[in-house]
> 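This structure is in structure tokens; I'll ask about it shortly.
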Amino acid sequence: MAKLTEEMKQMLSEQLPFLATADENGMPKVGPKGSLHVLDDSHLAYFEHTFRHAFHNLTVNGRAAVAVADRPAQKGFRFEGQVHIHQDDDLAKKNIPASLYERFPRAAYVIIDIESIFKLDNTLEAGTQIS
């Protein structure tokens with residue numbers, strides 16, 4: 001499993017990350033994930049509450065990519081890996097804030113195993129796999 005650096009963790013906490021998925025026909029979808037956060041050195045997580053495209057795609061494909069970039073610095077990263085969806089289990093109940101249920105009738109806790117990390121810098125190293 002790939003490991004996050006402090007620079008990556010900081011960028012994920014300060015910038016808006018985007019989640020990319022693909023459906024059963026290979027059609028890509030991408031959207032912002034404001035709740036996405038670092039779970040630990042090898043995992044990202046977010047709160048799924050719309051249960052639309054991303055959720056559907058994750059249930060049929062099980063893989064995701066997360067891109068985050070600092071536009072002024074022209075630096076960024078892409079994290080790719082397998083997902084694990086937790087809904088109505090102990091892990092979900094422990095990690096999903098009660099305030100989320102005040103706005104949405106249901107929620108899931110999605111964990112992404114970070115298997116690969118790529119540079120998204122505006123240099124000739126763009127697309128280079130870091131780990």
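The analysis underlying the following values was restricted to heavy atoms, covering all of them including side chains, and did not include hydrogens, waters or symmetry mates. Given the structure is predicted, the values throughout are model-derived calculations rather than measurements.
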> What is the distance from atom NE2 of H37 to atom OG of S13, rounded to the nearest 0.5 Å?
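These two atoms lie 12.0 Å from each other.
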> Do Q87 side-chain atoms and A92 backbone N/O form a donor-acceptor pair below 3.5 Å?
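Checking the backbone N and O of A92 against the side chain of Q87, no donor-acceptor pair under 3.5 Å is found.
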> Salt bridge check: are R106 and D88 linked by an N-O gap of less than 4.0 Å?
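The answer is no: the pair does not qualify as a salt bridge.
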> A side-chain contact here means heavy atoms from C-beta on lying under 4.5 Å apart; do Q15 and R71 qualify?
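No, too far: nothing below the 4.5 Å cut-off.
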> Is the closest side-chain donor-acceptor distance between Q10 and E6 under 3.5 Å?
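No, no side-chain donor-acceptor contact under 3.5 Å.
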> Checking side-chain contact (heavy atoms from CB on, under 4.5 Å) for the pair K29/H56: CA distance, chi angles, key distance, verdict?
CA-CA 11 Å; K29 300 287 187 221; H56 169 80; over 6 Å; no
> Check this for me: H43, atom NE2, are more than 12 non-hydrogen atoms of other residues, nucleotides or ligands nearer than 6.0 Å?
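Buried by this count: over 12 neighbours within 6.0 Å.
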> Quick check for you: to the nearest 0.5 Å, what is the distance between N95 atom CG and Y109 atom OH?
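Interatomic distance, N95 CG to Y109 OH, rounded to 0.5 Å: 4.0 Å.
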> Are E80 and R78 close enough for a salt bridge, meaning some N to O gap below 4.0 Å?
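Salt bridge flag = yes for R78 with E80.
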> Report the hydrophobic cluster partners of F55, with the cluster defined as I, L, V, M, F, W, Y residues connected by side-chain heavy atoms closer than 4.5 angstrom, directly or transitively.
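Members alongside F55: L4, M8, M11, L12, L19, L36, V38, L44, Y46, F51, L58, V66, V68, F77, F79, V83, I85, V110, I112, I114, I117, I130.
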> Consider only side-chain N and O atoms of E48 and T50, and report whether a donor and an acceptor are under 3.5 Å apart.
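Checked: E48/T50 side chains pair up, N/O donor to acceptor below 3.5 Å.
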> Among residues at least two apart in sequence or on other chains, which ones pass ring pair (Phe, Tyr, Trp, His ring centres under 6.0 Å) with F104?
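Scan of F104 (ring pair (Phe, Tyr, Trp, His ring centres under 6.0 Å), adjacent residues dropped) gives H49.
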> What is the distance from atom CG of L124 to atom NZ of K119, rounded to the nearest 0.5 Å?
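Output value for this atom pair is 11.0 Å.
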> Please test S116 against Q129 for side-chain contact (heavy atoms from CB on, under 4.5 Å), starting from the C-alpha separation and ending with a verdict.
CA-CA 7 Å; S116 303; Q129 186 170 350; 3.6 Å; yes
> With a 4.5 Å cut-off on side-chain heavy-atom distances among I, L, V, M, F, W and Y, is there a chain of contacts connecting L120 to V30?
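Per the 4.5 Å side-chain linkage, L120 and V30 are not co-clustered.
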> What verdict does the side-chain contact (heavy atoms from CB on, under 4.5 Å) test give for E7 and K75, after you've listed the backbone C-alpha separation in whole Å, the side-chain angles of each residue and the deciding distance to 0.1 Å?
CA-CA 11 Å; E7 178 187 26; K75 293 182 65 112; 3.1 Å; yes
> Taking the side chain as C-beta and beyond, is there a heavy-atom pair between T21 and H53 under 4.5 Å?
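No, side chains not in contact.
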> Given side chains that start at C-beta, do those of L91 and H84 come closer than 4.5 Å, heavy atoms only?
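Of all side-chain heavy-atom pairs linking H84 with L91, none is under 4.5 Å.
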